[in-house]
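First comes the structure, then the notes that go with it.
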Amino acid sequence: MSALSIFSPAKLNLFLAVIGRRADGFHDLVSVVAPVEFGDTLRIEAGASGEFGLECDDAAVPTGEENLVLRAARLFAEKTGWGGGAKFFLEKRIPMGAGLGGGSSNAVAALRGLNSLAGEPLGGAELAAVAARLGSDWALFLPGGPVVMRGRGERVDLLAAETVARLGGQRVLIFKPGFSISTPWAYGQLAADGEKNYLPAAEAEARLAAWLGDAKVPAETLLFNSFERPAFWKFPALPVLLDALAKEFGLAARMSGSGSACFALLPAGAAVEAVKSRIREAWGAAAWVVETRIS
Ligand code: C5P
């Protein structure tokens, strides 16, 4: 096989509790994260030995060595001793600076694709170890379904099949305003405010356990995001719209990751055109909206 095409999904954090700051400056978290059916496509063609290159249909995406796809490729070659090369073509649909995990997802797609081109030298656990070395929230994309993420994001636990079934197929509307939020800024705001922004670990685990332990508790009850506090303070347009969607349409809506993208869970059969219009009315023509499902 000398070329392949890999789907690279966006993710949503249904529950994201930042529980404290670590001695290494990173934060520990407890998060339920789910990939969705919407995402980018990464095409990979075998290339000249030792050479890796990236092209993207979106000129705003940096395609130099700093791109996570090329960093993943270099690390893969280093780790496996693979002597091949590859050209990557990224069809970008996931907005950047959105909290939707686009960069990490692309990098995991690159790792998976190269592993396949090279004849699968890395097993699942080794792929996870490589992913964890590159970024805090890469490993979540390896299982291909909803997971619980702990530590700085590198520890990933699969959910029981019944829990996955509770989330799989859930309709969601994802929407992002014209501005982005930087992840380091968001963590920096949490840290600057001291302990009050952290949800104690015991409370985070108790909330998670309450949802996991009772199949009748709907996903709406789980929704939580520690980053909303700094993000909503700086960008009041976020809570104003989320409140309006709750009041006018009865929708449970939250921010994903460090933002700025938000999402609303859609009841089966709910009409979305009026909701989309309301989002564009609130956030203007720069608002980006997509309807998809949890994978
Ligand atoms: O993993 P990512 O590159 O997105 O992280 C960006 C920054 O966010 C890190 O440099 C760190 O300052 C902060 N971060 C953190 N705790 C985490 C993940 C990221 O403090 N668990």
Side-chain angles (χ1 to χ4, degrees), residues 8-35 39-40 54 60-75 90 92 94-111 127-142 147-157 176 179-201 203-205 208 224-231 233-235 255-261:
S8 174
K11 60 86 172 157
L12 293 175
N13 298 86
L14 301 173
F15 179 79
L16 172 48
V18 179
I19 59 176
R21 191 146 189 251
R22 304 151 42 123
D24 64 5
F26 280 84
H27 289 79
D28 278 320
L29 42 92
V30 178
S31 183
V32 176
V33 206
D40 300 335
L54 171 64
V61 175
T63 51
E65 286 295 322
E66 74 280 17
N67 189 293
L68 294 178
V69 165
L70 294 182
R71 282 180 50 203
R74 300 266 171 229
L75 191 69
L90 179 61
K92 195 76 196 152
I94 307 171
M96 290 180 287
L100 298 174
S104 319
S105 175
N106 295 163
V108 169
L111 276 183
L127 269 182
V130 173
R133 248 185 72 185
L134 275 156
S136 302
D137 66 350
W138 284 38
L140 79 96
F141 287 106
L142 282 167
V147 295
V148 180
M149 218 166 63
R150 291 190 180 82
R152 54 176 270 216
E154 83 288 5
R155 273 171 44 213
V156 167
D157 290 317
K176 179 187 171 290
F179 58 85
S180 293
I181 296 181
S182 138
T183 301
W185 174 85
Y187 275 109
Q189 290 300 116
L190 291 185
D193 272 356
E195 293 298 307
K196 71 170 191 239
N197 285 324
Y198 304 132
L199 189 71
E203 202 177 315
E205 294 291 353
L208 177 60
F224 175 79
N225 186 343
S226 291
F227 286 113
E228 287 187 346
R229 189 177 182 132
W233 173 81
K234 180 160 182 186
F235 301 108
M255 192 173 80
S256 180
S258 55
S260 61

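Start at 1 and go down the list; that is how both ligands and their atoms are numbered. Fair warning: this is a prediction, and the values are worked out from it, not measured in the lab.
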- Message: Is there a side-chain contact between N197 and H27 in this structure, where contact means two heavy atoms from C-beta onward sitting under 4.5 Å apart?
- Response: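 A side-chain contact under 4.5 Å is absent here.
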- Inspect the surroundings of CH2 in W185 and state if more than 12 heavy atoms from other residues, nucleotides or ligands are less than 6.0 Å away.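 Above 12, so yes.
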- Message: Under a 3.5 Å distance rule, please check whether S260 uses its side chain to pair with a backbone N or O of A98 as donor and acceptor.
- Response: no
- Item | N/O donor-acceptor pair under 3.5 Å between D157 side chain and V148 backbone |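 Flag not set: sc D157 to bb V148 has no pair under 3.5 Å.
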- Item | Neighbouring residues of ligand 1, heavy-atom cut-off under 4.0 Å |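 For ligand 1, the contacting residues are G25, F26, H27, L29, S136, R152, T183, P184, Y187.
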- Query: Looking at residues at least two apart in the chain, or sitting in another chain, which of them share a salt bridge (Lys or Arg N to Asp or Glu O under 4.0 Å) with R74?
  - Reply: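 Salt bridge (Lys or Arg N to Asp or Glu O under 4.0 Å) check on R74 returns E65.
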- Qualifying residue, where the test is side chain to side chain contact (heavy atoms under 4.5 Å, CB included) with F26 and the options are R152, E154, R21: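 It is R152, the one option of R152, E154, R21 that forms the side chain to side chain contact (heavy atoms under 4.5 Å, CB included) with F26.
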